[in-house]
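Working notes, beginning with the structure itself.
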Amino acid sequence: MKTRIYRPTPVNLKRLAAVLKRGDLVAVPTETVYGLAADATNQSACKKIFTAKNRPSEDPLIVHVHSLEQAHGLAQWNETAHQLADRFWPGPLTLVLPKKASVSDVITAGLDSVAIRMPSHPVFRSLLQTVKVPLAAPSANPFGYMSPTSSAHVKSGLDGKIPAILEGGQSAIGVESTILDIRNGESPVLLRPGGVTSTELRKILGDSLRLTKSVIPEGEAAIAPGMLKRHYSPKTSVTLYRSFPAELSEQEAWIHFHLRDSLQALPTNQCVLAPDNQGRTAANRLFSILRAVDSGGYPRINIQLVPETDAWADTINDRLQRAAAR
Ligand code: TXA
Ligand code: MG
């Protein structure tokens, strides 16, 4: 199969809506990361996602909607979920709610809940509006590898396995959506930290928000890997640090969060995630930098964790710990 990249012209949007309606896959840009989309009302189309990504069928998919009306058709809503959608949609928040019978088991992996998100990327929104059905889409990477934040990333991972990629530029946020289990409106559970920070969620949810946050052992320079399921991973092995040692080996790669004195040029085996010391910037650059360093032929990638005072620390350090897990 030849994989083509389509510019987001009105003609191409119609063409790709037709590709989806006939049951084929299209990789789509979102504000978080690129997704691999199928018509959520077509079971055999959704099955193709698992084959293309080599994804286990027990791992459920997020359904993307254009309107609240579509979202209401998929799940049983409660008052808290309405408030959250009001505040954060369209945007990087995924809500897990009790599913309605019409949602296929292929999407939910047999669960009685469904994950729903209304994306804000204008190109993806145009496609959703044109195709008129909700689109199931996981991140558009081979299972276990890092999520793509550009069409070139998608092509490098899925070339020959999907017919089409819709061009939408670099993903503005650069990490996946926040996933919130809101089946019980009174006790929401954060399933994955992401593009909406827990600080922002708390403004709506207060202290009712329960975190499933992983704890980094205090007082250890290098964090022992293996605490979390390996995911979002480079091929090179990753070691995490709160702060780097004074001597940095020239053979290995070193990714700083921030360098106070970064005016002088760094050696090629070193780079900085957030030149402006902002977690938001680190999130935006994380997967691109990891991909570039991963193909640099280093025996090890060393990465500095984001200081916990930064609102994005949960989101980024979660991805870093998964990347380091073996
Ligand atoms: O930003 C994002 O969320 C991107 C873009 C494309 O929207 N999508 C994404 O999808 O990251 P994926 O499949 O890579 O991650 C979705 C996660 C999976 O880990 C899956 O287990 C979880 O969502 N999930 C899906 N349905 C669920 C459900 N009913 N209950 C709990 N978790 C669910
Ligand atoms: Mg994924």
Side-chain angles (χ1 to χ4, degrees), residues 25-38 40 46 49-50 52-66 71 74-76 81 88-100 103-121 123-125 127-128 134-151 153-154 157-158 162 165-166 168 171-184 188-196 212 228-233 283-284 286-287 315 318-319 322-323:
L25 305 181
V26 176
V28 295
T30 93
E31 71 278 19
T32 57
V33 300
Y34 275 68
L36 181 58
C46 292
I49 291 175
F50 294 88
K53 280 188 56 123
N54 200 15
R55 177 180 175 111
S57 59
E58 310 85 73
D59 199 355
L61 306 174
I62 296 174
V63 182
H64 298 75
V65 296
H66 182 259
L74 298 166
Q76 310 286 351
F88 295 108
W89 281 6
L93 179 68
T94 297
L95 299 175
V96 171
L97 287 163
K99 83 173 189 94
K100 286 192 174 165
V103 181
S104 156
D105 280 342
V106 176
I107 289 173
T108 64
L111 298 175
D112 51 15
S113 61
V114 60
I116 311 174
R117 178 163 105 79
M118 185 191 287
S120 66
H121 195 297
V123 169
F124 191 17
R125 283 186 62 76
L127 182 67
L128 280 163
L135 296 175
S139 52
N141 48 283
F143 183 71
Y145 199 61
M146 290 168 282
S147 295
T149 54
S150 70
S151 57
H153 291 168
V154 178
L158 297 176
I162 57 173
I165 302 170
L166 177 55
S171 298
I173 295 173
V175 289
E176 302 83 354
S177 63
T178 298
I179 305 181
L180 193 67
D181 178 352
I182 192 73
R183 285 175 298 167
N184 176 349
V189 183
L190 184 72
L191 298 181
R192 178 177 74 182
V196 171
T212 49
L228 280 165
K229 196 171 104 190
R230 183 170 162 80
H231 211 85
Y232 310 105
S233 303
N284 184 262
L286 178 68
F287 289 137
T315 297
D318 168 85
R319 303 306 185 275
R322 288 173 199 267

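Indexing begins at 1, ligand by ligand and atom by atom, following the structure's order. As the structure is a computational prediction, the values presented were derived from the model and not from experiment.
Contact atoms of ligand 1 toward H64: 5 (C), 6 (C), 7 (O) (distance under 4.0 Å to a heavy atom of the residue). Listed by atom number, the atoms of ligand 1 under 4.0 Å from L111 heavy atoms are 28 (C), 29 (N), 30 (N). Near I62, the atoms of ligand 1 lying under 4.0 angstrom from a non-hydrogen atom of the residue are 3 (O), 8 (N), 9 (C), 10 (O), 16 (C). Listed by number with element, the atoms of ligand 1 under 4.0 Å from a non-hydrogen atom of S139 are 8 (N), 9 (C), 10 (O), 12 (P), 14 (O).
Closest non-hydrogen pair, L158 versus A52, comes out as CD2-O, 3.6 Å. Minimum heavy-atom separation, V63 to A40: CG1-CB, 4.0 Å. Considering every non-hydrogen atom in both S171 and Y34, the closest pair reads OG-CD1, 3.7 Å.
Residue contacts with ligand 1 for R55 involve side-chain atoms from C-beta outward but no N, CA, C or O (heavy atoms, distance under 4.0 Å). With a 4.0 Å heavy-atom cut-off, ligand 1 is reached by the side chain of I179 but not by its N, CA, C or O. When heavy-atom distances to ligand 1 are checked against a 4.0 Å cut-off, L61 comes that close only through its backbone atoms N, CA, C and O. Only the side chain of R117 comes within 4.0 Å of ligand 1, judged by heavy-atom distances.
Residue contacts with ligand 1 include D59, since one or more of its heavy atoms lies under 4.0 Å from the ligand. At least one heavy atom of R192 sits closer than 4.0 Å to an atom of ligand 1.
Between V65 and L128, the closest side-chain pair of non-hydrogen atoms is not below 4.5 Å.
Rounding to the nearest 0.5 angstrom, the gap separating the CE atom in M118 from the NE2 atom in H66 is 8.0 Å.
Of the polar atoms of Y34, none of the N or O atoms is found under 3.5 Å from an N or O of ligand 1, judged by distance alone. Polar contact check, E176 against ligand 1: no nitrogen or oxygen pair lies under 3.5 Å apart.
The side chain to side chain donor-acceptor pair (under 3.5 Å) pairs that include a residue from residues 103-112 number zero, where partners must be two or more places apart or lie in different chains. Judged as a salt bridge (charged side-chain N to carboxylate O under 4.0 Å, His left out), the pairs with a partner in residues 28-37 (not counting sequence neighbours) are, in order, E31-R117.
Using a 3.5 Å distance cut-off with no hydrogens or angles, the side chains of T94 and S177 do pair a donor with an acceptor.
The nearest N, O or S atom of N141 is not closer to the Mg ion (ligand 2) than 2.8 Å.
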Would V196 and L180 satisfy side chain to side chain contact (heavy atoms under 4.5 Å, CB included), going step by step from the backbone distance to the final call?
CA-CA 10 Å; V196 171; L180 193 67; over 6 Å; no
